Structure formats: C-alpha cells, structure tokens
Amino acid sequence: MSSQSNSLNLLNLKSLREQVYDYLRLAMNRGELGPGAVVNLNEISRKLGISKTPLRDALLQLEVEGFVTILPRRGCLVNGLSREDIRNLYQVIGSLESAVISEENITVAPDIIETMKRLNDSMRSALDEDDFDKYYEANLRLHNCYLDLSPNTWLRRIVTTMKQRLYDFPRK
C-alpha cells in the first residue's frame, strides 16, 4: 500500500454516522437541503453508497440539535428559523457566554486579549468588505478565546451547537 493511501486512511477516523452527519450539515449550509426540505433517505443512502442505519443515526443527532424534525412514518423535514427562534437562541447564547466571563476563576491573559483585539479588527475589516464568511470565522474564534477558558464542557457544547444552528444555513 502506498504512503499516500495510508495517510488518507489515517485522516478519516470519523465513524460513518459522523461522516453522514457532516455531509448533511454541509448540504444544509450550501442550501442543498434548505428549510422545509424533505430529506429523502433512499436518495441520500444511494448517493453515498451506505445503508440507512448511519443516515438515520445522523438524522437523530440533527433532530436533537434542532436542525430537522423526524415525522414517524412520514419522513424528515429540515427546520427553518423564525425571528423568534433567532432572538431566543441569541438570548440563551448571550446568557451562557456572560456566565463564562463572570466566573470568578477565569482570568483572561494578556496574550488572549491581544488575540481578541486582532480578531475584532479582522471582523471590522470583514464587515467593510461585506465578507460574511470571514466575519463569521473571526467572530467564532473571538468568542472561543474566552469560552475555551471555561472548564464547563456542557456549556461549551451547548453554545457551539446553538451557534451552528444559527449560522450553518445558507448565509446569503
């Protein structure tokens, strides 16, 4: 076996369910599966060359995270976001992020503050350039500067999932 194929095998360590989950999230992000779309299990399993089991497992995770609704014996729908959903998600995210900042044991080191300043400048530049992708990436990295300081893995996981829910649909 060549060293190139060995390195490719080493890079794909995700389970099939995780790979299918990533595929579906990317399809949502690109608009291939937009809000209100019906997820065609037969078509996707045929396209990916997989059984329906890892597809169903990925859809169950997406349902828990609020991306889809599984309708028993009727299919699976991609969920949209209403203005109220967006407002509520931002309220929860803001509350959880402010809880991290207000934790008494959290100290933001000077190098992290400098990184945050650079990221803030990058966000301003992205807004001037009307580049949402650049803004989004810098914004996530800025918030992760202090979120990563929290020892609360549950909080970090919940905030990450909520942000993905807000931002991972087509951004246009």
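In this text, all values refer to a predicted model and were calculated from it rather than measured experimentally. The first residue of the sequence shown is numbered 1, and numbering continues consecutively from there.
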Kindly determine whether T69 and L71 satisfy side-chain contact (heavy atoms from CB on, under 4.5 Å), including the steps that lead there. CA-CA 6 Å; T69 299; L71 305 168; 3.9 Å; yes
If I compare all heavy atoms of [X] with all of [Y], which pair ends up nearest, and what's the gap?
X: I70; Y: E63; result: N-OE2, 3.0 Å
X: T115; Y: C145; result: CG2-SG, 3.9 Å
X: L89; Y: L166; result: CD1-CD2, 3.7 Å
X: G80; Y: R165; result: O-NH2, 3.0 Å
X: M28; Y: F67; result: SD-CD2, 3.9 Å
X: G34; Y: V78; result: O-CB, 3.3 Å

What verdict does the side-chain contact (heavy atoms from CB on, under 4.5 Å) test give for L60 and V64, after you've listed the backbone C-alpha separation in whole Å, the side-chain angles of each residue and the deciding distance to 0.1 Å? CA-CA 6 Å; L60 285 171; V64 167; 5.8 Å; no
Enumerate, atom names and distances included, each donor-acceptor pair closer than 3.5 Å involving a side-chain atom of residues 46-55, sequence neighbours excluded.
{"from": "K47", "atom 1": "NZ", "to": "Y23", "atom 2": "OH", "distance (Å)": "3.2"}
{"from": "S51", "atom 1": "OG", "to": "T53", "atom 2": "N", "distance (Å)": "3.4"}
{"from": "K52", "atom 1": "NZ", "to": "N42", "atom 2": "OD1", "distance (Å)": "2.3"}

From [X] atom [atom1] to [Y] atom [atom2], the distance as rounded to the nearest 0.5 Å:
X: I86; Y: E84; atom1: CD1; atom2: CD; value: 11.0 Å
X: C76; Y: L62; atom1: SG; atom2: CG; value: 7.5 Å
X: N120; Y: I113; atom1: CG; atom2: CD1; value: 13.0 Å

What pairs with K134 under side chain to side chain contact (heavy atoms under 4.5 Å, CB included), at least two apart in sequence or on another chain?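 Residues passing side chain to side chain contact (heavy atoms under 4.5 Å, CB included) with K134: S122, S125, A126, E129, D131.
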With clusters defined by side-chain heavy atoms of hydrophobic residues (ILVMFWY) lying less than 4.5 Å apart, directly or transitively, does [Y] cluster with [X]?
X: L26; Y: V68; answer: no
X: L41; Y: L77; answer: no
X: Y90; Y: L96; answer: yes

Should we say atom CZ of R141 is surrounded by more than 12 heavy atoms from elsewhere, each under 6.0 Å from it?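 12 or below, so no.
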Taking C-beta and beyond as the side chain, do [X] and [Y] meet within less than 4.5 Å on heavy atoms?
X: V108; Y: I101; answer: no
X: L155; Y: L147; answer: yes
X: Q61; Y: R17; answer: yes
X: I93; Y: H143; answer: no
X: Y146; Y: M116; answer: yes
X: L149; Y: I112; answer: yes

For salt bridge (charged side-chain N to carboxylate O under 4.0 Å, His left out), just list the numbers for R156 and E97, CA-CA rounded to whole Å, side-chain angles, deciding distance to a tenth of an Å, and then say yes or no. CA-CA 9 Å; R156 291 194 316 263; E97 287 185 342; over 6 Å; no
Show, in sequence, the C-alpha distance, side-chain angles and deciding distance for Y21 and E65, and conclude whether the side-chain contact (heavy atoms from CB on, under 4.5 Å) test is met. CA-CA 12 Å; Y21 172 89; E65 295 174 351; 2.4 Å; yes
Is there a salt bridge (charged side-chain N to carboxylate O under 4.0 Å, His left out) between D121 and R124 once you walk through the steps? CA-CA 5 Å; D121 290 343; R124 283 191 188 121; 3.4 Å; yes
Do N144 side-chain atoms and L140 backbone N/O form a donor-acceptor pair below 3.5 Å?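 Looks like yes, one N/O pair under 3.5 Å.
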List the steps, then state whether side-chain contact (heavy atoms from CB on, under 4.5 Å) holds for R87 with Q91. CA-CA 6 Å; R87 187 176 22 258; Q91 181 182 22; 5.9 Å; no
